[in-house]
Amino acid sequence: MKVNEKRRNVRKVVDRLVKSRIENFMPSYIAYMTGTNVDEAEKFLDELTLQDAEILRINYKFICPECSKVKYFEKESDLVKFQKSDYECPICGSEILKEDIENNTFKIYVFDKEYRERRKKKDE
């Protein structure tokens, strides 16, 4: 499959998702849905976060290995602060190893709210 075809397939899946109730997703889901690898899917998704596109925003989520609760970070700077903190879960307070923080932090994509509203209105 050619690069432009893969890019179009990623965009098609994103366009379907924007109409659904899904609020965020990981690049592995897009890779699965399009038959591309995760790195390619992430690259194409990153293109949709650029200022002139404003379709997606990049957020991060941390899943505590102790309590299994999820903490979302809307800004990368907040994630960096957390990763350099006292190595404890912001939810349950459990002490966490640095490696566990890195292994349990994931990049997620969230739809830009204005874009989502425009798409829903367009399809009504």
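Since the model is a prediction, treat every value here as computed from it, not as a measurement.
Counting non-hydrogen atoms of neighbouring residues, nucleotides and ligands closer than 6.0 angstrom, the CD atom of E5 exceeds 12 such neighbours. In K6, the NZ atom is crowded: over 12 heavy atoms of neighbouring residues, nucleotides or ligands sit closer than 6.0 Å. Few gaps surround OH on Y87; more than 12 heavy atoms of other groups in view lie less than 6.0 Å from it.
Counting heavy atoms from C-beta on, the side chains of N9 and T36 never come closer than 4.5 Å. Two residues are said to be in side-chain contact when any heavy atoms from C-beta on lie closer than 4.5 Å; P27 and I30 fail this criterion. In this structure the side chain of P65 reaches within 4.5 angstrom of the side chain of D100, judged on heavy atoms. Using a 4.5 Å heavy-atom threshold, the side chains of I96 and N104 count as separate.
When every heavy atom of S68 is checked against every heavy atom of I63, the shortest pair comes out as O-CG2, 4.1 Å. Here the closest non-hydrogen pair linking G93 and E88 is O-CB, 3.9 Å. Of all heavy-atom pairs spanning C67 and C92, the tightest one is SG-SG, 3.7 Å.
Ring centroid separation for the pair F111 and F25 comes in under the 6.0 Å cut-off.
Between R7 and E47, at least one side-chain nitrogen of the basic residue sits less than 4.0 Å from a carboxylate oxygen of the acidic one, meeting the salt-bridge criterion. For the pair D46 and K107, the salt-bridge criterion is met [side-chain N within less than 4.0 Å of a carboxylate O]. We find that R116 and D112 are not joined by a salt bridge, their nearest charged nitrogen and carboxylate oxygen being 4.0 Å or further apart.
With hydrophobic clusters built from ILVMFWY side chains whose heavy atoms lie under 4.5 angstrom apart, I58 shares a cluster with F44. A continuous path of hydrophobic side-chain contacts links Y115 to L48 [ILVMFWY only; heavy atoms under 4.5 Å]. Hydrophobic cluster membership is shared by V13 and V3, with clusters built from Ile, Leu, Val, Met, Phe, Trp and Tyr side chains linked at under 4.5 angstrom. The hydrophobic clustering, which links ILVMFWY residues whose side-chain heavy atoms are closer than 4.5 Å, places F106 and L56 apart. In the hydrophobic clustering of this structure, V110 does not group with V18; members are Ile, Leu, Val, Met, Phe, Trp, Tyr whose side-chain heavy atoms approach within less than 4.5 Å, directly or through other members.
Going from atom NZ of K84 over to atom CG of L79 covers 10.5 Å, rounded to the nearest 0.5 Å. How far CG of N103 is from CG of L97: 10.0 Å, rounded to the nearest 0.5 Å. Put simply, OG on S28 and CD on E42 are 9.5 Å apart, with the number rounded to the nearest 0.5 Å. Of the inter-residue distances, the one linking F62 atom CZ with E102 atom CD reads 11.0 Å to the nearest 0.5 angstrom. To the nearest 0.5 angstrom, L45 atom CG is 11.0 Å from R11 atom CZ. Between E74 atom CD and I108 atom CD1 the span is 9.0 Å, to the nearest 0.5 Å.
For the pair K75 and F73, the cation does not sit on the ring face, since its NZ or CZ is not both under 6.0 Å from the ring centre and inside 45° of the axis.
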Q: Begin with the C-alpha distance, continue with both residues' side-chain angles, and end with the deciding distance and a verdict on side chain to side chain contact (heavy atoms under 4.5 Å, CB included) for Y109 and T49.
A: CA-CA 9 Å; Y109 293 88; T49 66; 4.1 Å; yes

Q: Just do the side chain to side chain contact (heavy atoms under 4.5 Å, CB included) check on N59 and R57 with the steps written out, would you?
A: CA-CA 6 Å; N59 288 2; R57 289 182 288 114; 4.1 Å; yes

Q | Residues K98, Q83; criterion side chain to side chain contact (heavy atoms under 4.5 Å, CB included); working and verdict | A | CA-CA 8 Å; K98 181 180 179 179; Q83 289 174 328; over 6 Å; no

Q: Test side chain to side chain contact (heavy atoms under 4.5 Å, CB included) on N24 and Y29 and set out the steps.
A: CA-CA 10 Å; N24 62 59; Y29 178 73; over 6 Å; no

